[in-house]
Amino acid sequence: MEREKITLTGAPETMLATLYGRALDSHRPNSVLHDTAAAHAISRIDYDFRKTRIKGTTAVGVAIRGKVLDDWTSEFLTAYPAATVLHLACGLDTRVQRIAPPSTVRWIDLDVPDVVALRKRLITSPSGDYRLVGASVTADSWLAEVPNDRPTVAVFEGLSMYLHKADGKRLIERITSRFPTGQLLFDVYGTTGIKLQKLVPAVRNAGATLHWGLDDPAEVEAWHPGLRCLDALRSVDMPGLDKLPLSGRIGLKVVSKIPGLRDAGRILRYRF
Ligand SMILES: C[S@@+](CC[C@H](N)C(=O)[O-])C[C@H]1O[C@@H](n2cnc3c(N)ncnc32)[C@H](O)[C@@H]1O
């Protein structure tokens with residue numbers, strides 16, 4: 001089978017790093033995510049994945065972050081089985097396949113058009129109430145086309161840091177004002193993480209630039225009446241870090257003692 005040549009650059013290219021992380025994790029005996037679909041997608045892509053410098057600790061770290069967001073999404077769907085899921089900046093992440101939501105759920109995967117075109121060639125879309133949308137999250141039209149009749153969870157992993165703060169704020173304002181109730185599940189860099197972005201090979205080698213860093217999760221609460229932060233999990237405190245290789249566990253112990261570095265990344269859950 002002919003493999004897909006990659007012509008993506010910048011932020012869209014970085015989704016190959018997270019995909020590769022989940023694929024590597026799936027091969028480990030104590031895999032966190034068991035994302036065999038990621039491993040299958042990797043085998044069909046013609047790309048030098050060494051460029052991402054993802055391995056051992058970073059791969060498992062990606063999988064653990066994915067697991068937290070999978071679990072929070074599933075919890076929302078247990079509470080609201082007839083919900084809408086906005087999975088923004090989906091890349092080649094098969095979250096919908098991992099979660100396998102009930103047929104009552106409306107699921108929307110969205111990324112920029114080039115990524116969506118590649119996704120269509122590599123990943124079979126699930127049946128049921130599913131749409132794959134090629135658009136920028138900053139554009140207006142895609143959201144207006146999503147019916148606003150249901151509780152809605154927006155999950156966006158590895159996106160906020162690529163946005164300018166004003167665009168991230170507007171995205172959150174638009175989602176929270178469109179739907180009756182729901183949750184926002186996403187990860188952020190702190191401002192120290194943004195300053196140290198040149199130390200992140202997957203970002204640097206893709207030629208991507210990170211912009212928005214958030215240090216105080218409470219700041220977002222002011223962006224919509226009734227928006228409340230439910231969880232702000234530091235990356236160094238994620239559940240499942242015991243599955244990291246030993247060197248990663250030691251490194252994390254050190255990082256978790258250093259203010260600034262300790263807050264370099266968080267996973268956030270808000271309700272509105
Ligand atoms: C680090 S990857 C994360 C992909 C996926 N969430 C994952 O975890 O594998 C960043 C993703 O953000 C997407 N992205 C960046 N800016 C975007 C925008 N303005 N609108 C939609 N997607 C965007 C990129 O195309 C890329 O797929």
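When reading the values below, keep in mind they use all heavy atoms of this one structure, side chains included, and skip hydrogens, waters and symmetry mates.
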query: Does a side-chain N-to-carboxylate-O contact under 4.0 Å join Arg174 and Asp140?
result: yes
field: Inter-residue atom distance Glu13.CD - Leu8.CG, 0.5 Å rounding
entry: 7.0 Å
message: Minimum heavy-atom separation for Ala83 and Arg150, please, with both atom names.
response: O-NH1, 3.5 Å
message: side chain to side chain contact (heavy atoms under 4.5 Å, CB included), that's the test. Do Val236 and Asp263 meet it? Break it down for me.
response: CA-CA 8 Å; Val236 295; Asp263 301 319; over 6 Å; no
query: Does atom CZ of Arg204 have more than 12 heavy-atom neighbours, drawn from other residues, nucleotides or ligands, at distances under 6.0 Å?
result: yes
message: Check whether Asp111 reaches the backbone of Gly91 with its side chain - one donor and one acceptor, N or O, closer than 3.5 Å.
response: yes
task: With rounding to the nearest 0.5 Å, note down the distance linking CH2 in Trp142 to OG in Ser136.
output: 9.5 Å
query: Which residue, Leu230, Ile267, Leu77, forms the side chain to side chain contact (heavy atoms under 4.5 Å, CB included) with Trp72?
result: Ile267
query: So, the side chain of Ser31 versus the backbone of His27: is there a donor-acceptor pair under 3.5 Å, distance only?
result: no
- prompt: Is the Phe76 ring parallel, tilted or perpendicular to the Tyr80 ring (thresholds 30°, 60°)?
  reply: tilted
message: When you measure from the side chain of Thr192 to the backbone of Ala264, do you find a donor-acceptor pair of N or O atoms at a distance under 3.5 Å?
response: no
field: CA sep, side-chain torsions, deciding dist, call: Thr84, Arg106, side-chain hydrogen bond (donor to acceptor under 3.5 Å, both in side chains)
entry: CA-CA 5 Å; Thr84 296; Arg106 174 191 295 133; 2.8 Å; yes
message: I want to check something: taking the side chain as every heavy atom from C-beta on, are Tyr189 and Asp215 in contact at a cut-off of under 4.5 Å?
response: no
message: To the closest 0.5 Å, what do you measure between CG (Leu268) and CG (Asp187)?
response: 8.0 Å
message: Once rounded to the nearest 0.5 Å, what's the spacing between atom CD of Gln97 and atom OG1 of Thr124?
response: 8.0 Å
- prompt: Mind checking whether Ile172 and Leu214 sit in one hydrophobic cluster, side chains of I, L, V, M, F, W, Y counted as touching below 4.5 Å?
  reply: yes
- prompt: Should Val112 and Val137 count as side-chain neighbours, where that means a heavy-atom distance under 4.5 Å?
  reply: no
query: When you check the gap from the basic side-chain N to the acidic O, do Arg22 and Asp93 get nearer than 4.0 Å?
result: yes
task: Carefully, step by step, assess Glu4 and Leu118 under the rule side chain to side chain contact (heavy atoms under 4.5 Å, CB included).
output: CA-CA 8 Å; Glu4 292 287 340; Leu118 179 65; 3.9 Å; yes
- prompt: Any side-chain heavy atom of Pro101 sitting closer than 4.5 Å to one from Trp107?
  reply: yes
Over all atoms of both residues, closest heavy-atom pair of Leu24 and Ala59: CB-CB, 3.9 Å
task: Search all heavy atoms of Leu33 against all heavy atoms of Asp25 and return the closest pair with its distance.
output: N-OD2, 3.0 Å
message: Can you tell whether the side chains of Asp109 and Arg119 come within less than 4.0 Å, N to carboxylate O?
response: yes
field: Non-hydrogen atoms of Val68 and Pro239 that approach each other most closely
entry: CG2-CD, 4.0 Å
query: Has Arg50 got more than 12 heavy atoms of other residues, nucleotides or ligands less than 6.0 Å from its CZ?
result: no
query: Would Val146 end up clustered with Tyr130 when hydrophobic side chains under 4.5 Å apart are linked, directly or stepwise?
result: no
message: Closer than 4.0 angstrom, basic N to acidic O: yes or no for Asp242 and Arg249?
response: no
query: Does a side-chain N-to-carboxylate-O contact under 4.0 Å join Glu2 and Arg44?
result: no
- request: Report the distance from atom CG of Leu86 to atom CZ of Arg178, rounding to the nearest 0.5 Å.
  value: 10.0 Å
- prompt: Taking 4.0 angstrom as the limit, do Lys67 and Asp35 come out as a salt bridge?
  reply: no
query: For the residue pair Phe186 and Tyr270, does the interplanar ring angle fall in the parallel (under 30°), tilted (30 to 60°) or perpendicular (over 60°) class?
result: parallel
message: Taking the side chain as everything from C-beta on, heavy atoms only, tell me whether Tyr20 gets closer than 4.5 Å to Ile42.
response: yes
- prompt: Is there a path of hydrophobic side-chain contacts, each under 4.5 Å between heavy atoms of I, L, V, M, F, W or Y residues, that connects Met161 with Val255?
  reply: no
query: Which pair of heavy atoms, one from Val116 and one from Val133, lies closest together, and at what distance?
result: CG2-O, 3.3 Å
- prompt: With a 4.5 Å limit on heavy-atom distance, are the side chains of Arg95 and Leu69 in contact?
  reply: yes
message: Walk me through whether Glu75 and Gln183 qualify under side chain to side chain contact (heavy atoms under 4.5 Å, CB included).
response: CA-CA 11 Å; Glu75 282 174 27; Gln183 290 188 359; over 6 Å; no
field: Positive for side chain to side chain contact (heavy atoms under 4.5 Å, CB included) with Cys229, one of Arg271, Glu219, Glu221, Arg269
entry: Glu221
- request: Kindly compute the distance separating CD1 (Ile108) from CG (Leu132), expressed to the nearest 0.5 Å.
  value: 10.5 Å
message: With heavy-atom distances below 4.5 Å as the criterion, would you say the side chains of Leu110 and Phe156 are in contact?
response: no
- prompt: Val155 versus Asp70: any side-chain heavy-atom pair under 4.5 Å?
  reply: no
task: Test Arg65 against Glu157 for side chain to side chain contact (heavy atoms under 4.5 Å, CB included), laying out the working first.
output: CA-CA 8 Å; Arg65 181 178 76 180; Glu157 179 174 5; 3.0 Å; yes
- prompt: Same cluster for Leu185 and Phe272 if Ile/Leu/Val/Met/Phe/Trp/Tyr side chains link at under 4.5 Å?
  reply: no
query: Can you name the closest pair of heavy atoms from Leu92 and Leu19 and give their distance?
result: O-CD1, 3.5 Å
Donor-acceptor under 3.5 Å (Ser235 side chain, Gly265 main chain): yes
query: Quick check: does any side chain N or O of Arg170 sit under 3.5 Å from a backbone N or O of Lys165, one acting as donor and the other as acceptor?
result: no
query: Any donor-acceptor pair under 3.5 Å linking the side chain of Thr104 with the backbone of Pro81?
result: yes
task: Starting from the C-alpha separation in whole Å, work towards a yes-or-no answer on side-chain hydrogen bond (donor to acceptor under 3.5 Å, both in side chains) for Asp167 and Thr138.
output: CA-CA 6 Å; Asp167 286 328; Thr138 58; 5.5 Å; no
query: Mind checking whether Pro201 and Asn205 have side chains closer than 4.5 Å, heavy atoms only?
result: yes
- prompt: Would a hydrophobic clustering, with Ile, Leu, Val, Met, Phe, Trp and Tyr connected at side-chain separations under 4.5 Å, put Val188 with Leu261?
  reply: no
